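Worth saying up front: this structure is predicted, and the values here are computed from it rather than measured.
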Amino acid sequence: MSEFDFTSLLGEEHRDELERLLFFNGNQARAATGVTFVARRYGLPRITVESGWLRVGLGSEVQTQTLYVMRRAITGNVLVGVAIYTREGDGLVVLYVAVHEDYSIGGAMANRMLLVRIKDQIAAIGRRIRGIDTLLLYTGRDTPIQIRLA
């Protein structure tokens, strides 16, 4: 059993956690080049609330999906990761990924390999969608990593 739950739904009670991960993350400097490129091309993330659920959209017409990563804790679930992605042609494009500093390279929980788990989850989603055979990941650079899913 995994210590993480992956979900596309996040209640508005987690808004502060989501804002911290997306906008006040200590890892932002590492990804500045890629974030700037993605922001110019697709738009900046914006958090909205729809029927009590948080939704992350972009400041553009691009339709996105969001994958949230929750760590199970005795005191309740804690948001530790988020990925925002879209479909382009035959691929899923991961535009933004943020993980809690503890789960990043050099963090106390780096051995949990959260970024790899997020990539694996989105790849699994892509394999279930007809016509998707590529995963493109923007990981702090202005050119994405391309992964064949077929």
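A continuous path of Ile, Leu, Val, Met, Phe, Trp and Tyr side chains, each step under 4.5 Å between heavy atoms, connects Leu135 with Ile145, placing both in one hydrophobic cluster. Under the 4.5 Å side-chain contact rule for hydrophobic residues, Tyr96 and Met70 share a cluster. Placement of Val69 and Met113 in two distinct hydrophobic clusters is found when ILVMFWY residues are connected by side-chain heavy-atom separations under 4.5 Å, directly or transitively. Hydrophobic clustering (side-chain heavy atoms under 4.5 Å, transitive across Ile, Leu, Val, Met, Phe, Trp, Tyr) groups Leu22 together with Phe24. Tyr68 is not connected to Val97 by any chain of hydrophobic side-chain contacts under 4.5 Å among Ile, Leu, Val, Met, Phe, Trp and Tyr, and they are in different clusters.
Side chain of Thr64 to backbone of Val56: a donor-acceptor contact under 3.5 angstrom is found. Side chain of Asn25 to backbone of Val99: a donor-acceptor contact under 3.5 angstrom is found. Listed for the Arg117 side chain is a donor-acceptor partner under 3.5 Å among the backbone atoms of Arg112.
Between the CZ atom of Phe4 and the CZ atom of Arg71 there is a distance of 8.0 Å, given to the nearest 0.5 Å. A distance of 9.5 Å separates CG in Leu149 from CG in Asp90, rounded to the nearest 0.5 Å. Atom CD of Gln121 sits about 10.5 Å away from atom OG1 of Thr7, to the nearest 0.5 Å. Within the model, atoms CG of Leu79 and CG of Asp5 stand 12.0 Å from one another, a figure rounded to the nearest 0.5 Å. Atom CD1 of Ile147 sits about 8.5 Å away from atom CG of Asp120, to the nearest 0.5 Å. In this structure, the separation between CD on Glu61 and CD on Gln63 is 7.5 Å, given to the nearest 0.5 Å.
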Practice item. Please report the C-alpha distance between Phe23 and Ile47 in whole Å, then the side-chain angles of each, then the deciding distance to 0.1 Å, and finally whether the side chain to side chain contact (heavy atoms under 4.5 Å, CB included) criterion is met. Key: CA-CA 11 Å; Phe23 306 122; Ile47 300 170; 3.7 Å; yes
Exercise for review: Determine, stepwise, if the pair Thr36 / Arg40 fulfils side chain to side chain contact (heavy atoms under 4.5 Å, CB included).
Suggested key: CA-CA 6 Å; Thr36 300; Arg40 276 194 218 126; 3.1 Å; yes
Review point. Does the side chain to side chain contact (heavy atoms under 4.5 Å, CB included) test come out yes or no for Leu136 and Val94, once each step is laid out?
Key: CA-CA 6 Å; Leu136 298 162; Val94 180; over 6 Å; no
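Listed here is the closest heavy atom pair of Ile125 and Leu92: CG2-CD1, 4.3 Å. Across every non-hydrogen atom of Ile132 and Gly126, the tightest pair is CB-O, 3.4 Å. Nearest heavy-atom pair across Leu58 and Gly43 is CD2-O, 3.8 Å. Here the closest heavy-atom approach between residue Ala83 and residue Ile122 is recorded as CB-CD1, 3.6 Å. Closest heavy-atom contact between Leu21 and Gly81: CD1-N, 3.6 Å. When all heavy atoms are compared, the tightest approach of Val78 to Ala73 is CG2-CB, 4.3 Å.
No donor-acceptor contact under 3.5 angstrom links the side chains of Arg55 and Thr66, judged on distance only. Donor-acceptor pairing under 3.5 Å is recorded for the side chains of Glu88 and Tyr42. With 3.5 Å as the limit, one finds a donor-acceptor pair spanning the side chains of His100 and Arg20.
Between Arg72 and Asn77 there is a side-chain heavy-atom pair separated by less than 4.5 Å. When side chains are defined from C-beta on, Leu67 does not count as touching Ser8, because their heavy atoms never get closer than 4.5 Å.
Ring centroids of Tyr138 and Tyr85 are separated by 6.0 Å or more, keeping the two rings apart.
The residue from Arg148, Arg87, Arg127 that alone fulfils the salt bridge (charged side-chain N to carboxylate O under 4.0 Å, His left out) condition with Asp133 is Arg148.
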